[in-house]
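For reference, the structure is listed below as C-alpha coordinates.
Heavy-atom basis, side chains included; hydrogens, waters and symmetry copies ignored. So you know, we letter chains A, B, ... as the sequences are listed, proteins then strands, and number each from 1.
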Protein chains: 2
Amino acid sequence: MAQQLEPHRALGEKFESWMQFDFDATRCPVRNLLDHIGDRWSILILSALAGGPKRFSALARAVPDISKRMLTQTLRRLQSDGFIDRDVQPTVPPQVTYSLTPLGKSLAAPLLTLIDWAETNFASVVEARQKMAEAA
Amino acid sequence: MAQQLEPHRALGEKFESWMQFDFDATRCPVRNLLDHIGDRWSILILSALAGGPKRFSALARAVPDISKRMLTQTLRRLQSDGFIDRDVQPTVPPQVTYSLTPLGKSLAAPLLTLIDWAETNFASVVEARQKMAEAA
DNA sequence: CGGGATCCACCTCGATACTG
DNA sequence: CAGTATCGAGGTGGATCCCG
(Lines give C-alpha, C1' and ligand atoms only; values in the text may rest on other atoms or scores of the structure.)
Protein backbone atom coordinates (compact mmCIF):
# COMPACT_ATOMS: atom_id res chain seq x y z
CA MET A 1 0.00 0.00 0.00
CA ALA A 2 1.00 3.58 -0.60
CA GLN A 3 3.44 2.34 -3.13
CA GLN A 4 3.08 4.85 -5.92
CA LEU A 5 1.86 8.01 -4.28
CA GLU A 6 4.02 10.66 -5.84
CA PRO A 7 5.28 9.75 -9.28
CA HIS A 8 5.08 13.31 -10.50
CA ARG A 9 7.81 14.61 -8.32
CA ALA A 10 9.99 11.54 -8.07
CA LEU A 11 11.09 11.20 -11.65
CA GLY A 12 11.56 7.51 -12.05
CA GLU A 13 13.81 5.66 -14.42
CA LYS A 14 11.38 2.80 -14.35
CA PHE A 15 9.20 4.23 -17.10
CA GLU A 16 10.76 3.68 -20.48
CA SER A 17 8.10 4.14 -23.10
CA TRP A 18 4.92 6.14 -23.22
CA MET A 19 2.49 5.38 -20.48
CA GLN A 20 2.55 1.65 -20.15
CA PHE A 21 2.04 0.98 -16.51
CA ASP A 22 -0.78 0.95 -14.10
CA PHE A 23 -0.85 4.43 -12.71
CA ASP A 24 -4.02 5.02 -10.77
CA ALA A 25 -4.70 8.72 -10.39
CA THR A 26 -7.28 8.13 -7.69
CA ARG A 27 -4.59 6.81 -5.39
CA CYS A 28 -2.44 9.88 -5.71
CA PRO A 29 -3.48 12.48 -3.10
CA VAL A 30 -2.83 15.43 -5.37
CA ARG A 31 -4.57 13.97 -8.38
CA ASN A 32 -7.43 12.81 -6.24
CA LEU A 33 -7.98 16.24 -4.74
CA LEU A 34 -7.66 17.94 -8.11
CA ASP A 35 -10.15 15.56 -9.65
CA HIS A 36 -12.65 16.55 -7.00
CA ILE A 37 -12.21 20.29 -6.59
CA GLY A 38 -10.28 21.08 -9.74
CA ASP A 39 -13.32 22.04 -11.75
CA ARG A 40 -14.42 25.56 -12.54
CA TRP A 41 -16.73 26.06 -9.54
CA SER A 42 -15.65 24.13 -6.45
CA ILE A 43 -12.86 26.43 -5.42
CA LEU A 44 -15.12 29.44 -5.83
CA ILE A 45 -17.85 27.89 -3.68
CA LEU A 46 -15.42 26.85 -0.98
CA SER A 47 -13.86 30.29 -0.83
CA ALA A 48 -17.29 31.89 -0.68
CA LEU A 49 -18.18 29.69 2.26
CA ALA A 50 -14.89 30.52 3.95
CA GLY A 51 -16.50 33.83 4.87
CA GLY A 52 -19.18 32.03 6.84
CA PRO A 53 -22.30 29.91 6.21
CA LYS A 54 -24.43 30.98 3.29
CA ARG A 55 -27.73 30.09 1.74
CA PHE A 56 -28.24 28.70 -1.73
CA SER A 57 -29.30 31.99 -3.22
CA ALA A 58 -26.47 33.86 -1.53
CA LEU A 59 -23.99 31.48 -3.08
CA ALA A 60 -25.61 32.01 -6.45
CA ARG A 61 -25.07 35.73 -6.04
CA ALA A 62 -21.50 35.20 -4.90
CA VAL A 63 -20.73 33.25 -8.05
CA PRO A 64 -22.78 35.23 -10.55
CA ASP A 65 -22.40 33.19 -13.67
CA ILE A 66 -23.08 29.75 -12.26
CA SER A 67 -26.29 28.02 -13.20
CA LYS A 68 -28.60 26.52 -10.61
CA ARG A 69 -27.83 23.15 -12.07
CA MET A 70 -24.09 23.50 -11.59
CA LEU A 71 -24.45 25.11 -8.19
CA THR A 72 -26.56 22.23 -6.93
CA GLN A 73 -24.29 19.66 -8.49
CA THR A 74 -21.14 21.24 -7.06
CA LEU A 75 -22.66 21.57 -3.61
CA ARG A 76 -23.71 17.92 -3.61
CA ARG A 77 -20.22 16.89 -4.59
CA LEU A 78 -18.54 18.99 -1.92
CA GLN A 79 -20.97 17.62 0.60
CA SER A 80 -20.35 14.00 -0.30
CA ASP A 81 -16.64 14.72 -0.11
CA GLY A 82 -17.09 15.93 3.45
CA PHE A 83 -16.10 19.52 2.80
CA ILE A 84 -19.43 21.20 3.49
CA ASP A 85 -22.52 20.69 5.62
CA ARG A 86 -26.07 21.12 4.37
CA ASP A 87 -28.64 22.38 6.81
CA VAL A 88 -32.28 22.33 5.73
CA GLN A 89 -34.90 24.32 7.60
CA PRO A 90 -38.29 22.90 6.60
CA THR A 91 -40.01 26.26 6.65
CA VAL A 92 -42.12 27.70 3.86
CA PRO A 93 -40.37 28.69 1.77
CA PRO A 94 -37.50 26.36 2.67
CA GLN A 95 -34.16 27.66 3.84
CA VAL A 96 -31.05 25.71 3.06
CA THR A 97 -27.78 26.84 4.57
CA TYR A 98 -24.36 25.55 3.60
CA SER A 99 -21.25 25.78 5.75
CA LEU A 100 -17.73 24.44 5.80
CA THR A 101 -16.94 21.36 7.85
CA PRO A 102 -13.67 21.36 9.82
CA LEU A 103 -12.13 19.50 6.91
CA GLY A 104 -13.51 22.09 4.53
CA LYS A 105 -12.10 24.92 6.60
CA SER A 106 -8.73 23.27 6.62
CA LEU A 107 -8.85 23.02 2.84
CA ALA A 108 -10.03 26.59 2.46
CA ALA A 109 -6.83 27.94 3.98
CA PRO A 110 -4.47 27.00 1.14
CA LEU A 111 -7.20 27.92 -1.31
CA LEU A 112 -7.37 31.43 0.07
CA THR A 113 -3.62 31.64 -0.25
CA LEU A 114 -3.99 30.91 -3.93
CA ILE A 115 -6.77 33.47 -4.27
CA ASP A 116 -4.62 36.07 -2.59
CA TRP A 117 -1.90 35.35 -5.09
CA ALA A 118 -4.30 35.84 -7.97
CA GLU A 119 -5.50 39.17 -6.63
CA THR A 120 -2.11 40.63 -5.84
CA ASN A 121 -0.45 39.35 -9.00
CA PHE A 122 -3.19 39.95 -11.52
CA ALA A 123 -1.50 42.98 -13.01
CA SER A 124 1.75 41.09 -13.48
CA VAL A 125 -0.06 38.23 -15.14
CA VAL A 126 -1.82 40.50 -17.61
CA GLU A 127 1.45 42.26 -18.33
CA ALA A 128 3.29 39.00 -18.88
CA ARG A 129 0.64 37.80 -21.29
CA GLN A 130 0.84 40.97 -23.33
CA LYS A 131 4.59 40.71 -23.60
CA MET A 132 4.30 37.14 -24.80
CA ALA A 133 1.71 38.21 -27.33
CA GLU A 134 3.94 40.96 -28.66
CA ALA A 135 6.83 38.55 -29.10
CA ALA A 136 4.78 36.80 -31.74
CA MET B 1 -11.77 50.31 -13.94
CA ALA B 2 -11.55 47.54 -11.38
CA GLN B 3 -15.18 48.06 -10.65
CA GLN B 4 -16.42 44.52 -10.26
CA LEU B 5 -13.40 42.54 -9.28
CA GLU B 6 -14.62 40.42 -6.44
CA PRO B 7 -18.32 39.70 -6.55
CA HIS B 8 -17.92 36.26 -5.13
CA ARG B 9 -16.84 37.37 -1.73
CA ALA B 10 -18.69 40.62 -1.43
CA LEU B 11 -22.23 39.34 -1.52
CA GLY B 12 -24.06 42.18 -3.10
CA GLU B 13 -27.65 43.19 -2.76
CA LYS B 14 -27.47 44.60 -6.22
CA PHE B 15 -28.32 41.32 -7.91
CA GLU B 16 -31.97 40.50 -7.65
CA SER B 17 -32.81 37.85 -10.18
CA TRP B 18 -30.84 35.10 -11.83
CA MET B 19 -27.81 36.24 -13.69
CA GLN B 20 -28.90 39.33 -15.51
CA PHE B 21 -25.92 41.57 -15.49
CA ASP B 22 -22.69 41.85 -17.28
CA PHE B 23 -20.27 39.86 -15.23
CA ASP B 24 -17.08 39.27 -17.13
CA ALA B 25 -15.14 36.39 -15.63
CA THR B 26 -11.99 37.35 -17.48
CA ARG B 27 -11.78 40.56 -15.48
CA CYS B 28 -11.92 38.81 -12.14
CA PRO B 29 -8.39 37.86 -11.07
CA VAL B 30 -9.45 34.63 -9.43
CA ARG B 31 -11.64 33.50 -12.29
CA ASN B 32 -9.03 34.51 -14.79
CA LEU B 33 -6.33 32.48 -13.09
CA LEU B 34 -8.62 29.50 -12.63
CA ASP B 35 -9.61 29.60 -16.27
CA HIS B 36 -5.96 29.36 -17.23
CA ILE B 37 -4.48 26.86 -14.79
CA GLY B 38 -7.64 25.25 -13.48
CA ASP B 39 -7.54 22.37 -15.90
CA ARG B 40 -6.43 18.85 -15.11
CA TRP B 41 -2.75 19.26 -16.00
CA SER B 42 -1.42 22.77 -15.48
CA ILE B 43 -1.01 22.61 -11.73
CA LEU B 44 0.77 19.26 -12.05
CA ILE B 45 3.20 20.62 -14.64
CA LEU B 46 3.92 23.74 -12.64
CA SER B 47 4.57 21.76 -9.49
CA ALA B 48 6.82 19.38 -11.38
CA LEU B 49 8.84 22.33 -12.67
CA ALA B 50 9.02 23.79 -9.18
CA GLY B 51 11.69 21.19 -8.51
CA GLY B 52 13.85 22.66 -11.23
CA PRO B 53 14.00 22.80 -15.04
CA LYS B 54 12.98 19.64 -16.83
CA ARG B 55 12.90 18.31 -20.33
CA PHE B 56 9.82 17.28 -22.24
CA SER B 57 10.27 13.59 -21.65
CA ALA B 58 11.04 14.12 -17.98
CA LEU B 59 7.77 16.00 -17.57
CA ALA B 60 5.97 13.19 -19.34
CA ARG B 61 7.39 10.79 -16.78
CA ALA B 62 6.53 13.09 -13.93
CA VAL B 63 2.89 13.14 -15.02
CA PRO B 64 2.52 9.56 -16.16
CA ASP B 65 -0.96 9.55 -17.62
CA ILE B 66 -0.73 12.67 -19.73
CA SER B 67 -0.64 12.31 -23.50
CA LYS B 68 1.98 14.03 -25.63
CA ARG B 69 -0.77 16.10 -27.13
CA MET B 70 -1.97 17.42 -23.82
CA LEU B 71 1.54 17.90 -22.49
CA THR B 72 2.48 20.01 -25.48
CA GLN B 73 -0.74 21.95 -25.35
CA THR B 74 -0.44 22.65 -21.64
CA LEU B 75 3.18 23.72 -21.96
CA ARG B 76 2.33 26.12 -24.78
CA ARG B 77 -0.43 27.61 -22.71
CA LEU B 78 1.74 28.07 -19.65
CA GLN B 79 4.41 29.61 -21.81
CA SER B 80 2.08 32.09 -23.46
CA ASP B 81 0.81 32.98 -20.01
CA GLY B 82 4.34 33.82 -18.96
CA PHE B 83 4.67 31.09 -16.35
CA ILE B 84 7.35 29.00 -18.01
CA ASP B 85 10.30 29.41 -20.33
CA ARG B 86 11.06 27.12 -23.24
CA ASP B 87 14.68 26.56 -24.14
CA VAL B 88 15.44 24.69 -27.34
CA GLN B 89 18.88 23.24 -28.01
CA PRO B 90 19.07 22.55 -31.73
CA THR B 91 21.10 19.40 -31.29
CA VAL B 92 20.36 16.06 -32.87
CA PRO B 93 18.19 14.84 -31.39
CA PRO B 94 16.78 18.13 -30.09
CA GLN B 95 16.67 18.95 -26.40
CA VAL B 96 13.91 21.14 -25.09
CA THR B 97 14.05 22.27 -21.50
CA TYR B 98 11.27 23.96 -19.63
CA SER B 99 11.68 26.08 -16.53
CA LEU B 100 9.63 28.39 -14.37
CA THR B 101 9.83 32.13 -14.95
CA PRO B 102 9.94 34.37 -11.88
CA LEU B 103 6.19 34.76 -12.24
CA GLY B 104 5.83 31.01 -12.49
CA LYS B 105 7.90 30.50 -9.37
CA SER B 106 5.78 32.98 -7.50
CA LEU B 107 2.67 31.08 -8.54
CA ALA B 108 4.20 27.75 -7.66
CA ALA B 109 4.47 28.71 -4.00
CA PRO B 110 0.74 28.75 -3.18
CA LEU B 111 0.32 25.73 -5.43
CA LEU B 112 2.81 23.75 -3.40
CA THR B 113 0.93 24.78 -0.28
CA LEU B 114 -2.17 23.21 -1.75
CA ILE B 115 -0.27 20.09 -2.72
CA ASP B 116 1.08 19.78 0.79
CA TRP B 117 -2.43 19.98 2.10
CA ALA B 118 -3.51 17.18 -0.20
CA GLU B 119 -0.69 14.93 0.89
CA THR B 120 -1.03 15.48 4.62
CA ASN B 121 -4.83 15.34 4.64
CA PHE B 122 -5.42 12.55 2.16
CA ALA B 123 -6.28 10.04 4.85
CA SER B 124 -8.83 12.39 6.40
CA VAL B 125 -10.42 13.02 3.04
CA VAL B 126 -10.82 9.32 2.31
CA GLU B 127 -12.22 8.77 5.76
CA ALA B 128 -14.70 11.63 5.40
CA ARG B 129 -15.90 10.29 2.08
CA GLN B 130 -16.49 6.85 3.52
CA LYS B 131 -18.53 8.27 6.38
CA MET B 132 -20.64 10.25 3.95
CA ALA B 133 -21.16 7.12 1.88
CA GLU B 134 -22.27 5.13 4.91
CA ALA B 135 -24.80 7.76 5.85
CA ALA B 136 -26.66 6.95 2.66
C1' DC C 1 13.57 13.59 -29.10
C1' DG C 2 9.91 16.60 -29.26
C1' DG C 3 6.66 17.60 -31.31
C1' DG C 4 2.32 18.66 -35.21
C1' DA C 5 -2.14 17.21 -37.54
C1' DT C 6 -6.33 14.96 -37.81
C1' DC C 7 -10.29 12.39 -36.32
C1' DC C 8 -13.76 11.47 -33.17
C1' DA C 9 -15.89 9.76 -28.62
C1' DC C 10 -17.16 11.30 -24.62
C1' DC C 11 -19.03 14.11 -21.16
C1' DT C 12 -19.32 18.36 -19.08
C1' DC C 13 -22.15 22.05 -18.94
C1' DG C 14 -25.74 25.67 -20.22
C1' DA C 15 -30.55 26.48 -21.50
C1' DT C 16 -35.04 25.57 -20.56
C1' DA C 17 -39.02 23.97 -18.27
C1' DC C 18 -41.22 22.11 -14.24
C1' DT C 19 -41.88 21.19 -8.85
C1' DG C 20 -42.72 20.90 -3.54
C1' DC D 1 -36.68 29.32 -2.19
C1' DA D 2 -34.27 25.60 -3.59
C1' DG D 3 -34.10 22.60 -6.18
C1' DT D 4 -35.01 18.36 -10.31
C1' DA D 5 -35.41 16.63 -15.27
C1' DT D 6 -34.33 16.50 -19.90
C1' DC D 7 -32.06 17.78 -24.06
C1' DG D 8 -28.41 19.04 -26.97
C1' DA D 9 -24.26 21.78 -28.36
C1' DG D 10 -19.46 22.34 -27.63
C1' DG D 11 -15.14 21.63 -26.12
C1' DT D 12 -11.75 18.61 -23.92
C1' DG D 13 -8.86 15.21 -24.55
C1' DG D 14 -7.34 10.38 -26.16
C1' DA D 15 -5.76 7.62 -30.18
C1' DT D 16 -3.24 7.41 -34.12
C1' DC D 17 -0.06 8.65 -37.66
C1' DC D 18 3.52 11.59 -39.41
C1' DC D 19 7.77 14.74 -39.29
C1' DG D 20 12.60 17.26 -38.82
Side-chain angles (χ1 to χ4, degrees), chain A residues 11 13 15-21 23 25 31 34-45 48-49 53-80 84-99, chain B residues 11 13 15-21 23 25 31 34-45 48-49 53-80 84-99:
Chain A
L11 306 179
E13 51 292 316
F15 313 128
E16 299 173 350
S17 58
W18 281 83
M19 271 155 289
Q20 11 244 43
F21 67 106
F23 175 69
R31 298 297 299 278
L34 254 30
D35 283 347
H36 278 254
I37 64 152
D39 62 321
R40 175 143 49 261
W41 307 116
S42 296
I43 293 181
L44 266 8
I45 302 295
L49 287 177
K54 282 173 187 57
R55 294 176 52 183
F56 186 88
S57 52
L59 286 170
R61 262 173 272 124
V63 186
D65 53 348
I66 194 175
S67 65
K68 285 193 288 189
R69 174 175 150 58
M70 275 302 101
L71 180 53
T72 302
Q73 191 170 306
T74 304
L75 287 169
R76 292 285 182 277
R77 187 113 202 258
L78 293 175
Q79 185 192 7
S80 71
I84 65 177
D85 272 331
R86 181 171 184 264
D87 177 51
V88 184
Q89 295 297 349
T91 57
V92 178
Q95 297 211 359
V96 182
T97 303
Y98 295 90
S99 58
Chain B
L11 305 180
E13 51 291 316
F15 314 127
E16 300 173 349
S17 58
W18 281 85
M19 274 158 284
Q20 10 245 44
F21 65 108
F23 175 70
R31 297 297 299 278
L34 254 28
D35 283 346
H36 279 254
I37 65 153
D39 62 321
R40 175 143 50 259
W41 307 115
S42 295
I43 293 181
L44 265 8
I45 302 294
L49 287 177
K54 281 175 187 56
R55 294 177 50 185
F56 186 87
S57 51
L59 286 171
R61 263 174 269 122
V63 186
D65 53 347
I66 194 175
S67 65
K68 284 195 287 189
R69 180 190 196 287
M70 276 301 103
L71 180 54
T72 301
Q73 190 171 306
T74 304
L75 288 168
R76 292 286 181 276
R77 187 112 202 257
L78 293 175
Q79 184 191 5
S80 71
I84 65 176
D85 272 331
R86 180 170 184 264
D87 176 53
V88 183
Q89 296 297 345
T91 58
V92 178
Q95 296 209 2
V96 183
T97 305
Y98 296 89
S99 58

When you compare the protein's N or O atoms with those of nucleotides 4-9 of chain D, which come within less than 3.5 Å of each other, and at what distance?
from  : atom 1 : to    : atom 2 : distance (Å)
D/dT4 : OP1    : A/R76 : NH2    : 3.3

Hey, can you pull the donor-acceptor pairs under 3.5 Å for the side chains in residues 71-78 of chain B, sequence neighbours left out?
from  : atom 1 : to    : atom 2 : distance (Å)
B/T72 : OG1    : B/K68 : O      : 2.9
B/Q73 : OE1    : B/R69 : NH1    : 3.0
B/T74 : OG1    : B/M70 : O      : 2.7

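At whole-Å resolution of the value, CZ in A/R40 and P in C/dC11 are 17 Å apart. Distance CG (A/D39) to C1' (D/dG13): 17 Å, rounded to an integer number of Å. Distance A/L75 CG to D/dG3 P: 7 Å, rounded to the nearest Å. Separating the CE atom of B/M70 from the P atom of C/dA5 is a distance of 14 Å, rounded to the nearest angstrom. At whole-Å resolution of the value, CD1 in B/I37 and C1' in D/dT12 are 18 Å apart. Between A/L71 atom CG and D/dC1 atom P there is a gap of 14 Å when expressed in whole angstrom units. Rounding to whole angstrom units, CZ of residue B/R77 and P of D/dG13 are separated by 10 Å. Between the CD atom of A/Q79 and the P atom of D/dG3 there is a distance of 10 Å, rounded to whole Å.
Using a 4.0 Å cut-off, no side-chain N or O of B/S67 falls inside it from OP1 or OP2 of D/dA15. Taking only side-chain nitrogens and oxygens, A/Y98 never comes nearer than 4.0 Å to OP1 or OP2 of D/dC1. OP1 or OP2 of C/dC1 has not a single side-chain nitrogen or oxygen of B/R55 nearer than 4.0 Å.
Within the 4.5 Å cutoff, the side chain of B/I84 has no heavy atoms near those of the B/R86 side chain. Contact annotation: the side chain of A/L59 never approaches that of A/V63 to less than 4.5 Å [non-hydrogen atoms, C-beta and beyond]. Using a 4.5 Å heavy-atom threshold, the side chains of A/I66 and A/L44 count as separate. Counting heavy atoms from C-beta on, the side chains of A/L34 and B/R40 never come closer than 4.5 Å.
Residues that satisfy the side chain to side chain donor-acceptor pair (under 3.5 Å) test with A/Q79, not counting sequence neighbours, are absent from this structure. B/D35 is linked by a side chain to side chain donor-acceptor pair (under 3.5 Å) to nothing, counting only residues two or more places apart in sequence or in another chain. Residues that satisfy the side chain to side chain donor-acceptor pair (under 3.5 Å) test with B/D85, not counting sequence neighbours, are absent from this structure.
The two atoms that bring B/T91 and B/P93 nearest to each other are OG1-O, 2.7 Å, heavy atoms only.
Taking the screw axis at each terminus of the helix from C/dC1-D/dG20 to C/dG20-D/dC1 from five consecutive base pairs, the angle between the two is 50° to within rounding of 10 degrees.
Comparing C/dC1, C/dG14, D/dG14 by their closest approach to the side chain of B/P94 singles out C/dC1.
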